[in-house]
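Each chain gets a letter, A, B and so on, in the order the sequences are listed, and its residues count up from 1.
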There are 2 protein chains.
Amino acid sequence: MGQSKNRKHAVTQPPKRPLTLRDVSEASGVSEMTVSRVLRNRGDVSQTTRERVLRAAKRLGYVPNKIAGALASQRVNLVGVIIPSLSNMVFPDVMTGISQVLEDTELQPVVGVTDYIPEKEEKVLYEMLSWRPSGVIIAGIEHSDASRAMLEASGIPVVEIMDIDGQPVDCAVGISHRRAGRMMGQAIAEAGFRRIGFMGTKMPLDHRARKRFEGLTGALAKAGIEVADQEFYSGGSALAKGREMTAAMLDRTPDLDFLYYSNDMIAAGGLLYLLDKGIDIPNQIGLAGFNGVELLNGLPRQLATMDACRFEIGRKAAELVSQRLAAPDASIDKVIELFPTLSYGETLRRT
Amino acid sequence: MGQSKNRKHAVTQPPKRPLTLRDVSEASGVSEMTVSRVLRNRGDVSQTTRERVLRAAKRLGYVPNKIAGALASQRVNLVGVIIPSLSNMVFPDVMTGISQVLEDTELQPVVGVTDYIPEKEEKVLYEMLSWRPSGVIIAGIEHSDASRAMLEASGIPVVEIMDIDGQPVDCAVGISHRRAGRMMGQAIAEAGFRRIGFMGTKMPLDHRARKRFEGLTGALAKAGIEVADQEFYSGGSALAKGREMTAAMLDRTPDLDFLYYSNDMIAAGGLLYLLDKGIDIPNQIGLAGFNGVELLNGLPRQLATMDACRFEIGRKAAELVSQRLAAPDASIDKVIELFPTLSYGETLRRT
DNA sequence: CTGAAAGCGCTAACAC
DNA sequence: GTGTTAGCGCTTTCAG
């Protein structure tokens, strides 16, 4: 950690009053109302006055006050986006999808982060709603009663994203994580693996990882296979955790022939570890992760994974909000299920 | 990409009018003003009425309207945070630092993303300032004239972060990327490397990477060394890019004995590539990256890197904003320089 | 095409 | 302790 070296200087703020419409009005000799019209490109204003106003506004450096505007117009062009984490590799993609769509509209995303903590979700949601956004996009389909109540009472479009295994407050876009787990389980069984180990995040925090695990065990059970060993982690560098957990698990249960990880990052750690050990992948041990993160493209072996449609989920969610705002009474799809694709890569099919 | 299966349902919104203070006032039989006081924990209110109000508010599900509150009180407890990217591995850390500090205050961070595009920075800044935030934290120390003008005119605390090689609008917290590059150059020269290759992002977009490069070449020049080859990329999976660029560069300039990468992710790609090729690291080729990302802990070799003090920068920036808000006239440090530490890892010192 | 009046929902400042 | 009055800076609405 760096220490700090300081250069002392007195810094005093010029006690400037922020400019108002009135200032522009006076500077341009045009009524406030007309100035407002020019600045919003609304109604008909003669070319002459328009230019006069624009020039005055620019010269003064006027920046409109959205607080006042929003209060007067009863419209706030913000969409609250509530997600568990930013350092996740998955939500930046969702955000990109959302931003891309909203860029063509008046709407702007504002993000809140919950760290997977329900209490924090409640708080963030409350703060968000108190700004009276036009819509909310929120990750996950399980929320506290209080959160659901707030969302319902808000009277604005609410899109729950990522997961569709449950009952949405309003509407939902995502994949079925249960189904995703099942697909992976089937693929593993079909490939002939029999001794499966599972590694993932501590479940209570992450409903989607839990559902994938449930889907996996269900599908394996049908093939007469039980998960032979499992381990959960929280916090820390995922890549390093993947290594550690893999080492520990193989130490404990040496006869495993397949390892399923709840995310690609720990899977990558596991892969690197096994490669170091000189293990033959996938003939000796097969591997799979989840998410389809771009990172994987640079790994020594193409890792089996499943794309979570993150980007598409972001786009669709933003489209939904924007559509519902444009046509509040239109009939829409309450639940939009996206279907992830399974990439076998080089670690799931024996050669 | 998943296609979508849809369940049609008519979803109509109950045409609810959002609740106001007046509703709570009527429901509790207490004046609006007193309700307001209770909800903000301000002034003296008797225990009896306080409870009555709270009960009514909770029963109705009242969520205060911050738009109106902000307009009336002329205070907006938001701090605008403007950064180039979220998918970067570096800014989430900065955000964490900021959030941690702001959590103990009334202030809340609101982020805007510029994608390293000056025009977008201007737009984001304009939008941000139109909400009249209490302060701004903005990445980088180079901004367009228009952006600087807006920041100066805003009359609020502005903290420029990450980089201190330049003249801040108001104050700055960061490291000297020039110095960081220089340190790395010295270390490389001292370790006895002589044929240096550089790989990084396209410079015009990333001032900090450019400054590190300048520092590097300067230090190497003093040791009589020139950068023997260099290559720049933009976009794509950084890990894969690191592989590709490394392959291409060694193909072109096979006698390189050291590779310096402008970020850890491409460095990691290069490392994996070289290891695949069976190259002896660091005796045949040495390596270094930049950032000190956690990811590195799981790599097969501990990569040489330099910590950019991201977390600490976030903390300090938030503290600065919060302090200046508390004591606007206090004399403060205009520039706070943090000092990155160089980790030699296992790729920079020959054995 | 332009302007005047009336609030949006809340809080500061002052009475009681 | 509690209530009253007047705005915050803008937009809506309606008149010219």
Side-chain angles (χ1 to χ4, degrees), chain A residues 16-54 56-57 60-78 106 127 129-134 154-155, chain B residues 16-54 56-57 60-78 106 127 129-134 154-155:
Chain A
K16 279 171 243 173
R17 172 182 59 74
L19 296 165
T20 70
L21 217 40
R22 172 175 224 109
D23 296 309
V24 182
S25 163
E26 283 168 1
S28 64
V30 178
S31 80
E32 279 185 50
M33 198 52 242
T34 302
V35 172
S36 166
R37 281 202 264 264
V38 171
L39 264 23
R40 285 176 302 146
N41 295 311
R42 288 296 198 79
D44 294 320
V45 181
S46 75
Q47 193 56 31
T48 336
T49 48
R50 151 168 271 104
E51 273 165 19
R52 189 133 50 104
V53 168
L54 253 20
L60 297 176
Y62 172 69
V63 177
N65 184 332
K66 287 210 182 177
I67 302 272
L71 183 61
S73 66
Q74 305 280 26
R75 272 183 279 102
V76 181
N77 290 326
L78 296 177
E106 301 271 62
E127 297 288 333
L129 290 177
S130 72
W131 288 103
R132 300 287 187 268
S134 294
S154 71
Chain B
K16 278 172 242 170
R17 171 184 58 75
L19 295 165
T20 69
L21 258 189
R22 174 176 221 107
D23 295 310
V24 182
S25 163
E26 282 168 2
S28 62
V30 177
S31 79
E32 281 186 48
M33 197 53 236
T34 303
V35 173
S36 167
R37 286 202 260 265
V38 171
L39 265 22
R40 286 177 299 147
N41 295 312
R42 287 296 197 77
D44 293 320
V45 181
S46 77
Q47 193 57 31
T48 335
T49 49
R50 151 167 269 106
E51 274 165 21
R52 189 134 49 106
V53 168
L54 253 18
L60 296 176
Y62 172 69
V63 177
N65 184 332
K66 287 210 179 175
I67 303 273
L71 183 60
S73 66
Q74 305 279 33
R75 271 182 282 100
V76 182
N77 289 326
L78 296 178
E106 301 272 64
E127 296 288 333
L129 290 178
S130 72
W131 288 102
R132 300 285 188 270
S134 295
S154 71

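Nucleotides of DNA chain D nearest to Gly29(B) and Ala68(B) differ in position, and the one nearer the 5' end is that of Gly29(B).
The minimum heavy-atom distance between Asn77(A) and Ser134(A), with the atom names listed, is CA-OG, 4.0 Å. Residues Pro18(A) and Arg132(B) approach most closely at CB-NE, 3.9 Å, considering heavy atoms. Across all their heavy atoms, Thr49(A) and Ser46(A) have their closest contact at OG1-OG, 2.9 Å.
Glu32(A) pairs in a side chain to side chain contact (heavy atoms under 4.5 Å, CB included) with only one of the listed residues (Thr20(A), Asp23(A), Leu21(A)), which is Leu21(A).
Within the structure, every side-chain polar atom (N or O) of Gln74(A) is placed at least 4.0 Å from both OP1 and OP2 of dC10(D). Taking only side-chain nitrogens and oxygens, Arg50(B) never comes nearer than 4.0 Å to OP1 or OP2 of dG1(D). Side-chain nitrogen and oxygen atoms of Thr34(A) include at least one within less than 4.0 Å of the OP1 or OP2 phosphate oxygen of dG3(C). Between Arg42(B) and dC10(C) there is no side-chain N or O to OP1 or OP2 distance below 4.0 Å. Not one side-chain nitrogen or oxygen of Ser36(B) sits closer than 4.0 Å to the OP1 or OP2 atom of dC10(C). Phosphate contact (OP1/OP2 of dG9(C), side-chain N/O of Arg22(B), threshold under 4.0 Å): absent. When the side-chain nitrogen and oxygen atoms of Tyr62(A) are compared with OP1 and OP2 of dG9(D), none of them lie within a distance under 4.0 Å. Side-chain nitrogen and oxygen atoms of Ser31(B) include at least one within less than 4.0 Å of the OP1 or OP2 phosphate oxygen of dG3(D). Listed pair Thr49(B) / dT2(D) meets the phosphate criterion, a side-chain N or O lying under 4.0 Å from OP1 or OP2. The phosphate of dT11(D) has neither OP1 nor OP2 within less than 4.0 Å of any side-chain N or O from Arg75(A).
Closest to the side chain of Ser73(A), out of dC10(C), dC1(C), dT11(D), is dT11(D). Among dC10(C), dG9(D), dC8(C), the nucleotide with an atom closest to any side-chain atom of Ala72(B) is dC10(C). Among the nucleotides dG9(D), dA12(C), dC10(C), the one closest to the side chain of Arg40(B) is dA12(C).
As rounded to whole Å, 13 Å separates atom P of dC8(D) from atom CG of Leu71(A). In this structure, the CG atom of Leu21(A) is 13 Å from the P atom of dC8(D), given to the nearest Å. The separation between Met33(A) atom CE and dG16(D) atom C1' is 15 Å, rounded to whole Å. Between the CG atom of Asp44(A) and the P atom of dG3(C) there is a distance of 14 Å, rounded to whole Å. What separates CH2 of Trp131(A) from C1' of dC10(C) is a distance of 12 Å, to the nearest Å. To the nearest angstrom, P of dC10(D) lies 9 Å from CG of Asp23(A). Here dT11(D) presents its C1' atom at 14 Å from CG of Asn77(A), a figure rounded to the nearest Å. Nucleotide dT2(D) holds its P atom 11 Å from the CD atom of Gln47(B), rounded to whole Å.
Contact annotation for Arg37(A): base contact, defined as any heavy-atom pair under 4.0 Å involving a base atom.
Rounded to the nearest 0.5 Å, atoms CD (Glu106(B)) and CG (Leu78(B)) are 11.5 Å apart.
Taking 3.5 Å as the limit, the base of dG9(D) and the side chain of Arg132(B) contain no donor-acceptor pair of atoms between them.
The number of heavy-atom neighbours closer than 6.0 Å to CZ of Arg22(A), taken from other residues, nucleotides and ligands shown, is 12 or below.
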